[in-house]
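Submitted below is the structure of interest, expressed as C-alpha coordinates.
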Amino acid sequence: MLSIDWKLWRTYLPKTSARSMTIRMLGRVSALKELFRAKGGDQFPSEFLTGEVESLQTGEEQSKPEADLIQLEDEKMEDAKMEDAKDAPISGSSSLVGLNDASDEFFDVPEPTKGEQERPQDKKQEKEDEEEEEEEEEEEEESSFVPKLSTAADFVKKLHGLTTQKKGYVELQDASGDSAISNCYGSTLLKDLTGNAACSWAASDPSLFLVRGPNYLKDNQKNKAKGTMMEMVGADWLQSDKREDDLAGRPGGVVQKYAAQDGPEFFFVINIQVPGTTTYNLSLYYMTKTPLEESVLLERFVNGDDAFRNSRFKLIPYISQGSWLVKQSVGRKACLVGQALEVNYFRGKNYLELDIDVGSSTVARGVVNLVLGYLNNLIVEMAFLIQANTEDELPEVLLGTCKLTHMDTAKAVSVDSINNE
(Lines give C-alpha, C1' and ligand atoms only; values in the text may rest on other atoms or scores of the structure.)
Protein backbone atom coordinates (compact mmCIF):
# COMPACT_ATOMS: atom_id res chain seq x y z
CA MET A 1 0.00 0.00 0.00
CA LEU A 2 1.28 3.45 -0.94
CA SER A 3 -0.31 6.38 0.86
CA ILE A 4 0.92 9.90 0.13
CA ASP A 5 -0.52 13.18 1.39
CA TRP A 6 0.56 16.05 -0.85
CA LYS A 7 -1.23 18.76 1.16
CA LEU A 8 1.92 19.78 2.98
CA TRP A 9 3.80 20.04 -0.31
CA ARG A 10 1.40 22.35 -2.12
CA THR A 11 3.18 25.52 -1.02
CA TYR A 12 6.58 24.15 -2.07
CA LEU A 13 5.96 22.14 -5.22
CA PRO A 14 4.16 23.08 -8.44
CA LYS A 15 1.16 20.98 -9.36
CA THR A 16 3.07 19.22 -12.09
CA SER A 17 5.86 18.20 -9.72
CA ALA A 18 3.49 16.53 -7.28
CA ARG A 19 1.85 14.46 -9.97
CA SER A 20 5.09 13.53 -11.66
CA MET A 21 6.67 12.50 -8.38
CA THR A 22 3.64 10.36 -7.56
CA ILE A 23 4.03 8.55 -10.87
CA ARG A 24 7.71 8.04 -10.21
CA MET A 25 7.04 6.57 -6.75
CA LEU A 26 4.36 4.28 -8.20
CA GLY A 27 7.02 3.12 -10.63
CA ARG A 28 9.26 2.21 -7.71
CA VAL A 29 6.45 0.24 -6.09
CA SER A 30 5.76 -1.54 -9.37
CA ALA A 31 9.43 -2.43 -9.57
CA LEU A 32 9.36 -3.93 -6.10
CA LYS A 33 6.33 -6.02 -7.06
CA GLU A 34 8.23 -7.31 -10.09
CA LEU A 35 11.21 -8.13 -7.87
CA PHE A 36 9.02 -10.01 -5.39
CA ARG A 37 7.43 -11.97 -8.20
CA ALA A 38 10.76 -12.79 -9.84
CA LYS A 39 12.81 -13.67 -6.77
CA GLY A 40 10.38 -13.99 -3.86
CA GLY A 41 9.58 -17.67 -4.07
CA ASP A 42 8.81 -19.13 -0.67
CA GLN A 43 11.29 -17.03 1.25
CA PHE A 44 8.81 -14.20 1.90
CA PRO A 45 5.97 -14.84 4.39
CA SER A 46 2.51 -14.56 2.86
CA GLU A 47 1.57 -11.68 5.17
CA PHE A 48 4.28 -9.58 3.51
CA LEU A 49 2.61 -9.99 0.11
CA THR A 50 -0.85 -8.42 0.20
CA GLY A 51 -3.23 -6.98 -2.38
CA GLU A 52 -1.91 -6.88 -5.91
CA VAL A 53 1.55 -8.11 -4.90
CA GLU A 54 0.05 -11.30 -3.49
CA SER A 55 -1.99 -11.88 -6.62
CA LEU A 56 1.15 -11.50 -8.71
CA GLN A 57 3.02 -13.92 -6.44
CA THR A 58 0.33 -16.63 -6.73
CA GLY A 59 -0.44 -16.02 -10.38
CA GLU A 60 -4.10 -15.17 -9.66
CA GLU A 61 -5.79 -12.44 -11.68
CA GLN A 62 -7.34 -9.45 -10.01
CA SER A 63 -11.08 -9.15 -9.85
CA LYS A 64 -12.74 -7.19 -12.62
CA PRO A 65 -13.80 -4.22 -10.42
CA GLU A 66 -10.27 -3.85 -9.10
CA ALA A 67 -8.81 -4.09 -12.58
CA ASP A 68 -11.25 -1.50 -13.92
CA LEU A 69 -10.47 0.83 -11.02
CA ILE A 70 -6.72 0.58 -11.55
CA GLN A 71 -7.11 1.11 -15.30
CA LEU A 72 -9.23 4.18 -14.67
CA GLU A 73 -6.65 5.57 -12.23
CA ASP A 74 -3.86 4.97 -14.75
CA GLU A 75 -5.76 6.75 -17.50
CA LYS A 76 -6.41 9.75 -15.24
CA MET A 77 -2.78 10.01 -14.23
CA GLU A 78 -1.64 9.65 -17.84
CA ASP A 79 -4.01 12.41 -19.01
CA ALA A 80 -2.91 14.66 -16.16
CA LYS A 81 0.72 13.99 -16.91
CA MET A 82 0.37 14.84 -20.61
CA GLU A 83 -1.63 17.99 -19.82
CA ASP A 84 0.95 19.23 -17.29
CA ALA A 85 3.83 18.42 -19.58
CA LYS A 86 2.29 20.54 -22.33
CA ASP A 87 1.59 23.46 -20.03
CA ALA A 88 4.82 23.61 -18.04
CA PRO A 89 7.75 21.28 -18.81
CA ILE A 90 9.81 20.62 -15.71
CA SER A 91 13.56 20.84 -15.53
CA GLY A 92 15.66 18.68 -13.20
CA SER A 93 17.04 21.75 -11.47
CA SER A 94 13.69 23.27 -10.56
CA SER A 95 11.86 20.33 -9.02
CA LEU A 96 12.21 16.91 -7.47
CA VAL A 97 11.16 15.17 -10.69
CA GLY A 98 14.64 15.84 -12.04
CA LEU A 99 16.16 13.46 -9.54
CA ASN A 100 17.58 10.43 -11.32
CA ASP A 101 18.22 6.90 -10.11
CA ALA A 102 21.86 7.66 -9.39
CA SER A 103 20.78 10.01 -6.63
CA ASP A 104 19.44 7.05 -4.65
CA GLU A 105 23.01 6.24 -3.73
CA PHE A 106 24.53 7.86 -0.65
CA PHE A 107 25.86 11.33 -1.35
CA ASP A 108 28.92 12.73 0.41
CA VAL A 109 29.44 16.47 0.44
CA PRO A 110 32.79 17.18 -1.26
CA GLU A 111 35.56 18.43 0.96
CA PRO A 112 37.72 20.88 -0.98
CA THR A 113 40.75 21.47 1.20
CA LYS A 114 43.76 23.61 0.49
CA GLY A 115 46.66 21.41 -0.46
CA GLU A 116 44.49 18.29 -0.79
CA GLN A 117 45.27 16.14 -3.77
CA GLU A 118 42.35 15.05 -5.92
CA ARG A 119 42.73 11.45 -6.89
CA PRO A 120 42.51 10.38 -10.55
CA GLN A 121 39.85 7.77 -9.77
CA ASP A 122 37.72 10.47 -8.07
CA LYS A 123 37.95 12.66 -11.19
CA LYS A 124 37.02 9.72 -13.39
CA GLN A 125 34.02 8.79 -11.22
CA GLU A 126 32.83 12.42 -11.15
CA LYS A 127 33.05 12.62 -14.93
CA GLU A 128 31.10 9.37 -15.36
CA ASP A 129 28.38 10.59 -12.97
CA GLU A 130 28.02 13.85 -14.91
CA GLU A 131 27.73 11.96 -18.22
CA GLU A 132 25.08 9.66 -16.76
CA GLU A 133 23.08 12.63 -15.48
CA GLU A 134 23.20 14.33 -18.88
CA GLU A 135 22.06 11.14 -20.65
CA GLU A 136 19.17 10.67 -18.23
CA GLU A 137 18.07 14.31 -18.60
CA GLU A 138 18.01 13.87 -22.39
CA GLU A 139 15.95 10.70 -22.05
CA GLU A 140 13.48 12.49 -19.78
CA GLU A 141 13.08 15.32 -22.27
CA GLU A 142 12.46 12.89 -25.15
CA SER A 143 9.85 10.94 -23.19
CA SER A 144 8.21 13.89 -21.44
CA PHE A 145 4.76 12.78 -22.67
CA VAL A 146 5.12 9.19 -21.46
CA PRO A 147 4.47 8.20 -17.80
CA LYS A 148 7.50 6.92 -15.93
CA LEU A 149 5.80 3.64 -14.92
CA SER A 150 7.81 1.94 -17.68
CA THR A 151 11.00 2.40 -15.66
CA ALA A 152 10.01 -0.45 -13.32
CA ALA A 153 11.78 -3.04 -15.45
CA ASP A 154 14.93 -0.92 -15.55
CA PHE A 155 14.83 -0.55 -11.78
CA VAL A 156 14.53 -4.33 -11.30
CA LYS A 157 17.39 -4.82 -13.74
CA LYS A 158 19.56 -2.48 -11.66
CA LEU A 159 18.68 -4.37 -8.50
CA HIS A 160 19.68 -7.64 -10.13
CA GLY A 161 22.93 -6.04 -11.29
CA LEU A 162 23.75 -4.83 -7.79
CA THR A 163 23.03 -8.30 -6.41
CA THR A 164 25.39 -9.86 -8.94
CA GLN A 165 28.13 -7.33 -8.18
CA LYS A 166 27.74 -7.91 -4.44
CA LYS A 167 27.98 -11.66 -4.92
CA GLY A 168 31.13 -11.33 -6.98
CA TYR A 169 32.59 -8.95 -4.39
CA VAL A 170 32.01 -11.48 -1.60
CA GLU A 171 33.51 -14.27 -3.70
CA LEU A 172 36.56 -12.08 -4.34
CA GLN A 173 36.95 -11.54 -0.62
CA ASP A 174 36.69 -15.25 0.10
CA ALA A 175 39.26 -16.03 -2.58
CA SER A 176 41.57 -13.16 -1.62
CA GLY A 177 43.38 -15.36 0.81
CA ASP A 178 42.46 -16.17 4.33
CA SER A 179 45.71 -18.13 4.11
CA ALA A 180 47.49 -14.77 4.38
CA ILE A 181 46.08 -14.37 7.90
CA SER A 182 47.80 -16.17 10.77
CA ASN A 183 46.90 -16.33 14.43
CA CYS A 184 49.94 -14.59 15.83
CA TYR A 185 50.36 -11.03 17.05
CA GLY A 186 51.18 -8.74 14.16
CA SER A 187 49.41 -10.67 11.39
CA THR A 188 45.76 -11.25 12.30
CA LEU A 189 44.48 -8.65 9.83
CA LEU A 190 44.58 -9.29 6.09
CA LYS A 191 46.99 -7.27 3.96
CA ASP A 192 45.53 -6.22 0.61
CA LEU A 193 47.38 -3.71 -1.54
CA THR A 194 44.55 -3.55 -4.10
CA GLY A 195 42.07 -2.17 -1.55
CA ASN A 196 39.31 -4.51 -2.81
CA ALA A 197 39.11 -6.90 0.13
CA ALA A 198 36.97 -6.03 3.14
CA CYS A 199 38.52 -5.96 6.60
CA SER A 200 42.05 -5.44 5.31
CA TRP A 201 44.95 -3.02 5.63
CA ALA A 202 47.45 -1.32 3.36
CA ALA A 203 49.75 1.70 3.52
CA SER A 204 48.22 5.03 2.49
CA ASP A 205 49.69 7.48 0.01
CA PRO A 206 51.84 9.88 2.12
CA SER A 207 50.95 12.82 -0.13
CA LEU A 208 47.40 12.78 1.28
CA PHE A 209 48.74 14.30 4.50
CA LEU A 210 50.25 17.72 5.20
CA VAL A 211 53.32 18.18 7.40
CA ARG A 212 55.31 21.17 8.57
CA GLY A 213 57.73 22.43 5.95
CA PRO A 214 61.38 23.43 6.42
CA ASN A 215 60.45 27.09 7.08
CA TYR A 216 57.31 26.44 9.13
CA LEU A 217 58.50 28.59 12.04
CA LYS A 218 58.63 31.59 9.70
CA ASP A 219 55.80 31.10 7.21
CA ASN A 220 53.55 28.47 8.90
CA GLN A 221 53.59 26.62 5.60
CA LYS A 222 52.68 22.93 5.44
CA ASN A 223 53.60 20.68 2.52
CA LYS A 224 52.47 17.30 1.28
CA ALA A 225 54.44 14.48 2.88
CA LYS A 226 56.83 12.76 0.49
CA GLY A 227 57.53 9.55 2.36
CA THR A 228 57.69 7.75 5.71
CA MET A 229 60.45 6.84 8.15
CA MET A 230 59.11 3.33 8.65
CA GLU A 231 57.35 0.64 6.67
CA MET A 232 54.05 -0.83 7.77
CA VAL A 233 54.55 -4.59 8.10
CA GLY A 234 51.47 -5.87 9.91
CA ALA A 235 48.25 -5.18 11.75
CA ASP A 236 46.00 -6.79 14.35
CA TRP A 237 42.22 -6.57 14.70
CA LEU A 238 41.46 -8.20 18.06
CA GLN A 239 38.61 -8.58 20.50
CA SER A 240 38.76 -9.45 24.18
CA ASP A 241 36.81 -9.18 27.42
CA LYS A 242 39.46 -6.86 28.90
CA ARG A 243 42.02 -4.27 27.83
CA GLU A 244 45.04 -5.81 26.12
CA ASP A 245 48.42 -4.12 26.71
CA ASP A 246 51.95 -4.69 25.39
CA LEU A 247 51.06 -6.86 22.40
CA ALA A 248 54.55 -6.47 20.92
CA GLY A 249 56.11 -8.15 23.96
CA ARG A 250 54.04 -11.33 23.74
CA PRO A 251 55.75 -14.58 22.70
CA GLY A 252 55.16 -15.85 19.19
CA GLY A 253 54.41 -12.44 17.75
CA VAL A 254 56.12 -10.80 14.79
CA VAL A 255 58.17 -8.46 16.97
CA GLN A 256 59.50 -11.22 19.19
CA LYS A 257 60.45 -13.38 16.21
CA TYR A 258 62.73 -10.60 14.96
CA ALA A 259 64.05 -10.01 18.47
CA ALA A 260 65.13 -13.66 18.66
CA GLN A 261 67.20 -13.20 15.49
CA ASP A 262 69.09 -10.24 16.98
CA GLY A 263 68.70 -8.22 13.80
CA PRO A 264 68.81 -4.43 13.30
CA GLU A 265 65.03 -4.13 12.93
CA PHE A 266 63.22 -1.76 15.26
CA PHE A 267 59.41 -1.74 15.63
CA PHE A 268 57.04 1.11 16.39
CA VAL A 269 53.68 -0.34 17.46
CA ILE A 270 50.49 1.71 17.84
CA ASN A 271 47.78 -0.12 19.79
CA ILE A 272 44.40 1.67 19.74
CA GLN A 273 42.15 0.30 22.49
CA VAL A 274 38.36 0.71 22.15
CA PRO A 275 36.59 -0.11 25.45
CA GLY A 276 33.15 -1.63 25.89
CA THR A 277 31.45 -4.90 26.76
CA THR A 278 33.81 -6.27 24.13
CA THR A 279 37.15 -4.48 23.93
CA TYR A 280 38.59 -4.05 20.44
CA ASN A 281 42.27 -3.53 19.71
CA LEU A 282 43.55 -2.12 16.45
CA SER A 283 47.32 -2.56 16.43
CA LEU A 284 49.55 -1.21 13.66
CA TYR A 285 53.14 -2.45 13.27
CA TYR A 286 55.84 -0.27 11.68
CA MET A 287 59.43 -1.37 11.16
CA THR A 288 62.74 0.25 10.22
CA LYS A 289 66.23 -1.17 9.69
CA THR A 290 67.82 2.26 9.91
CA PRO A 291 69.61 2.88 13.26
CA LEU A 292 67.68 5.22 15.53
CA GLU A 293 70.70 7.48 15.90
CA GLU A 294 70.31 8.62 12.29
CA SER A 295 67.03 10.30 13.19
CA VAL A 296 67.62 12.60 16.14
CA LEU A 297 63.93 13.28 16.80
CA LEU A 298 62.92 9.62 16.64
CA GLU A 299 65.78 8.62 18.92
CA ARG A 300 64.75 11.29 21.45
CA PHE A 301 61.16 10.09 21.31
CA VAL A 302 61.98 6.39 21.77
CA ASN A 303 64.36 6.96 24.67
CA GLY A 304 62.61 10.01 26.16
CA ASP A 305 60.18 10.22 29.07
CA ASP A 306 56.40 10.01 28.82
CA ALA A 307 55.92 13.78 29.17
CA PHE A 308 58.08 14.43 26.11
CA ARG A 309 56.30 11.70 24.14
CA ASN A 310 52.86 13.03 25.03
CA SER A 311 53.84 16.49 23.80
CA ARG A 312 55.07 15.28 20.41
CA PHE A 313 53.14 12.25 19.10
CA LYS A 314 50.58 13.30 16.47
CA LEU A 315 47.79 11.54 14.58
CA ILE A 316 46.28 12.80 11.30
CA PRO A 317 42.95 11.08 10.52
CA TYR A 318 41.23 10.97 7.14
CA ILE A 319 37.97 9.24 6.16
CA SER A 320 38.50 8.82 2.42
CA GLN A 321 35.22 6.99 1.86
CA GLY A 322 32.10 6.97 3.98
CA SER A 323 29.23 8.95 5.36
CA TRP A 324 29.37 12.73 5.45
CA LEU A 325 28.40 12.66 9.14
CA VAL A 326 31.42 10.55 10.06
CA LYS A 327 33.74 12.65 7.90
CA GLN A 328 32.63 15.81 9.67
CA SER A 329 32.92 14.20 13.12
CA VAL A 330 36.43 12.85 12.55
CA GLY A 331 37.82 15.72 10.47
CA ARG A 332 41.35 15.91 9.07
CA LYS A 333 43.10 18.03 11.65
CA ALA A 334 46.29 16.72 13.22
CA CYS A 335 46.10 16.23 16.98
CA LEU A 336 48.53 15.52 19.79
CA VAL A 337 47.20 12.21 21.04
CA GLY A 338 48.93 12.35 24.42
CA GLN A 339 47.26 15.68 25.23
CA ALA A 340 43.76 14.29 24.75
CA LEU A 341 43.99 10.60 25.65
CA GLU A 342 45.80 8.38 28.11
CA VAL A 343 48.77 6.70 26.44
CA ASN A 344 50.81 3.92 28.04
CA TYR A 345 54.28 3.30 26.65
CA PHE A 346 56.07 -0.06 26.63
CA ARG A 347 59.76 -0.11 25.70
CA GLY A 348 61.27 -3.43 24.71
CA LYS A 349 64.52 -4.63 23.29
CA ASN A 350 63.58 -3.88 19.70
CA TYR A 351 60.32 -1.98 19.97
CA LEU A 352 58.31 0.86 21.43
CA GLU A 353 54.57 0.29 21.81
CA LEU A 354 52.02 3.05 22.38
CA ASP A 355 48.76 1.82 23.94
CA ILE A 356 46.13 4.50 23.34
CA ASP A 357 43.08 4.21 25.60
CA VAL A 358 40.16 5.73 23.68
CA GLY A 359 37.94 5.31 26.74
CA SER A 360 39.95 7.89 28.67
CA SER A 361 38.11 10.72 26.86
CA THR A 362 34.34 11.08 26.67
CA VAL A 363 34.56 12.99 23.39
CA ALA A 364 36.93 10.50 21.77
CA ARG A 365 34.80 7.59 22.94
CA GLY A 366 31.72 9.18 21.37
CA VAL A 367 33.46 9.73 18.04
CA VAL A 368 34.85 6.18 17.96
CA ASN A 369 31.46 4.69 18.82
CA LEU A 370 29.99 6.67 15.92
CA VAL A 371 32.71 5.36 13.61
CA LEU A 372 32.10 1.76 14.78
CA GLY A 373 28.46 2.10 13.76
CA TYR A 374 29.45 2.92 10.17
CA LEU A 375 32.65 0.85 10.11
CA ASN A 376 31.59 -1.58 7.36
CA ASN A 377 31.11 1.31 4.92
CA LEU A 378 34.24 3.29 5.70
CA ILE A 379 37.74 3.51 4.35
CA VAL A 380 39.82 5.00 7.15
CA GLU A 381 43.28 6.40 6.51
CA MET A 382 45.71 7.61 9.16
CA ALA A 383 49.19 9.04 9.42
CA PHE A 384 51.45 9.23 12.48
CA LEU A 385 54.39 11.52 13.14
CA ILE A 386 56.50 13.16 15.81
CA GLN A 387 55.87 16.90 15.91
CA ALA A 388 58.86 19.09 15.05
CA ASN A 389 59.12 22.21 17.22
CA THR A 390 62.60 23.54 16.43
CA GLU A 391 64.33 24.53 13.23
CA ASP A 392 66.80 21.63 13.38
CA GLU A 393 63.88 19.15 13.63
CA LEU A 394 62.14 20.51 10.52
CA PRO A 395 60.82 19.47 8.06
CA GLU A 396 58.50 16.92 9.60
CA VAL A 397 58.54 13.37 8.29
CA LEU A 398 55.75 10.84 8.74
CA LEU A 399 56.50 7.79 10.86
CA GLY A 400 54.01 5.76 8.86
CA THR A 401 50.58 5.65 7.26
CA CYS A 402 47.70 3.20 7.25
CA LYS A 403 44.59 2.47 5.18
CA LEU A 404 41.82 0.32 6.66
CA THR A 405 39.13 -0.89 4.25
CA HIS A 406 35.59 -1.77 5.39
CA MET A 407 36.50 -3.08 8.80
CA ASP A 408 34.07 -5.47 10.52
CA THR A 409 33.81 -6.03 14.27
CA ALA A 410 32.49 -9.54 13.60
CA LYS A 411 35.83 -10.46 12.01
CA ALA A 412 37.97 -9.38 14.95
CA VAL A 413 40.16 -12.26 16.17
CA SER A 414 39.73 -13.38 19.76
CA VAL A 415 42.82 -12.91 21.92
CA ASP A 416 42.06 -16.20 23.66
CA SER A 417 42.31 -18.09 20.38
CA ILE A 418 45.83 -16.71 19.86
CA ASN A 419 46.96 -17.42 23.43
CA ASN A 420 45.71 -21.01 23.27
CA GLU A 421 47.78 -21.87 20.20
Side-chain angles (χ1 to χ4, degrees), residues 176-194 197 199-204 206 227-240 243-273 281-306 308-309 312-313 343-356 382-386 397-404 411-421:
S176 61
D178 283 341
S179 58
I181 305 175
S182 63
N183 273 358
C184 72
Y185 294 106
S187 57
T188 61
L189 188 61
L190 175 68
K191 178 181 180 180
D192 179 48
L193 298 179
T194 65
C199 207
S200 63
W201 69 268
S204 295
T228 61
M229 288 186 190
M230 297 184 170
E231 175 188 4
M232 188 173 181
V233 295
D236 284 327
W237 181 227
L238 307 172
Q239 60 174 318
S240 177
R243 194 177 80 177
E244 300 292 339
D245 295 322
D246 196 13
L247 299 180
R250 302 190 181 187
V254 172
V255 176
Q256 292 305 310
K257 288 180 180 179
Y258 276 92
Q261 299 172 5
D262 246 355
E265 297 85 3
F266 185 86
F267 288 84
F268 196 97
V269 182
I270 300 168
N271 179 17
I272 302 175
Q273 303 163 325
N281 288 69
L282 174 64
S283 303
L284 312 174
Y285 294 75
Y286 298 92
M287 184 185 75
T288 181
K289 294 184 179 180
T290 304
L292 295 178
E293 293 75 17
E294 294 190 11
S295 174
V296 178
L297 188 55
L298 178 60
E299 193 273 336
R300 287 182 62 194
F301 185 87
V302 170
N303 297 322
D305 57 22
D306 290 356
F308 176 79
R309 294 166 176 166
R312 295 299 189 96
F313 181 68
V343 182
N344 296 309
Y345 300 90
F346 296 89
R347 177 73 161 92
K349 174 184 177 182
N350 65 331
Y351 72 89
L352 174 67
E353 178 173 326
L354 287 69
D355 288 356
I356 304 171
M382 295 181 285
F384 305 96
L385 68 154
I386 302 172
V397 180
L398 297 178
L399 283 172
T401 62
C402 179
K403 179 179 181 180
L404 304 169
K411 294 185 178 181
V413 177
S414 173
V415 172
D416 293 336
S417 67
I418 302 177
N419 295 336
N420 292 334
E421 289 192 355

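Not measured: the values here are computed from a predicted model.
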Phe301 atom CZ, over 12 foreign heavy atoms within 6.0 Å: yes

Thr401 and Met232, any side-chain heavy atoms less than 4.5 Å apart: no

Side chain Thr188, main chain Trp237, donor-acceptor under 3.5 Å: yes

Contact check, side chains of Val415 and Asn281, non-hydrogen atoms, under 4.5 Å: no

Gap between atom CG of Leu247 and atom CG of Asp245 - 0.5 Å precision: 8.0 Å

Side-chain donor-acceptor contact under 3.5 Å, Tyr345 with Asp305: no

For Gly227 against Leu398, the heavy-atom pair lying closest together: O-CB, 3.8 Å

Close side-chain approach of Leu298 to Phe266, heavy-atom, < 4.5 Å: no

pair Asn271-Phe346: side-chain heavy atoms closer than 4.5 Å: no

Residue pair Val233, Tyr258: steps toward the side chain to side chain contact (heavy atoms under 4.5 Å, CB included) verdict: CA-CA 12 Å; Val233 295; Tyr258 276 92; over 6 Å; no

Over all atoms of both residues, closest heavy-atom pair of Trp201 and Ala235: CD1-CB, 3.6 Å

Exercise: identify the closest heavy-atom pair between Ser204 and Cys402: OG-O, 2.8 Å

Distance in Å, Leu284 CG paired with Met382 CE, rounded so as to fall on 0.5 Å steps: 5.0 Å

Val269, Ile418, Val413, Val255 screened by side-chain contact (heavy atoms from CB on, under 4.5 Å) with Tyr185, the one that passes: Ile418

Inter-residue atom distance Ile386.CD1 - Arg312.CZ, 0.5 Å rounding: 8.5 Å

Validation row: Leu352, Arg309 side chains within 4.5 angstrom (heavy atoms): yes

Check ion pair Lys349-Asp262 (N to O, under 4.0 angstrom): yes

Atom pair OG (Ser283) and CG (Asp355), whose distance is rounded to the nearest 0.5 Å: 7.5 Å

Side-chain heavy-atom pair Met229, Phe268 within 4.5 angstrom cut-off: no

Side-chain donor or acceptor of Glu353 paired with backbone N/O of Asp246 under 3.5 Å: yes

Main-chain N/O of Leu282 paired to Asp236 side chain as donor or acceptor, under 3.5 Å: no

Gap between atom OG of Ser417 and atom CG of Leu238 - 0.5 Å precision: 8.5 Å

Chi angles and distances behind the side chain to side chain contact (heavy atoms under 4.5 Å, CB included) call for Glu294, Thr288: CA-CA 11 Å; Glu294 294 190 11; Thr288 181; over 6 Å; no

4.5 Å side-chain heavy-atom contact, Leu354 and Phe384: no

Closest non-hydrogen atom pair, Ala248 against Tyr351: CB-CD1, 3.6 Å

Trace of the side chain to side chain contact (heavy atoms under 4.5 Å, CB included) decision for Asn350 with Glu265: CA-CA 7 Å; Asn350 65 331; Glu265 297 85 3; 5.7 Å; no

Backbone of Tyr286 reached by a side-chain donor or acceptor of Glu231 within 3.5 Å: no

Side chains of Ser240 and Asp416 in contact at under 4.5 Å (non-hydrogen atoms): no

Spacing of CD belonging to Gln273 relative to CD belonging to Glu244, to within rounding of 0.5 Å: 8.5 Å

Heavy-atom closest contact (Pro206 atom, Thr228 atom, distance): CG-CG2, 4.2 Å

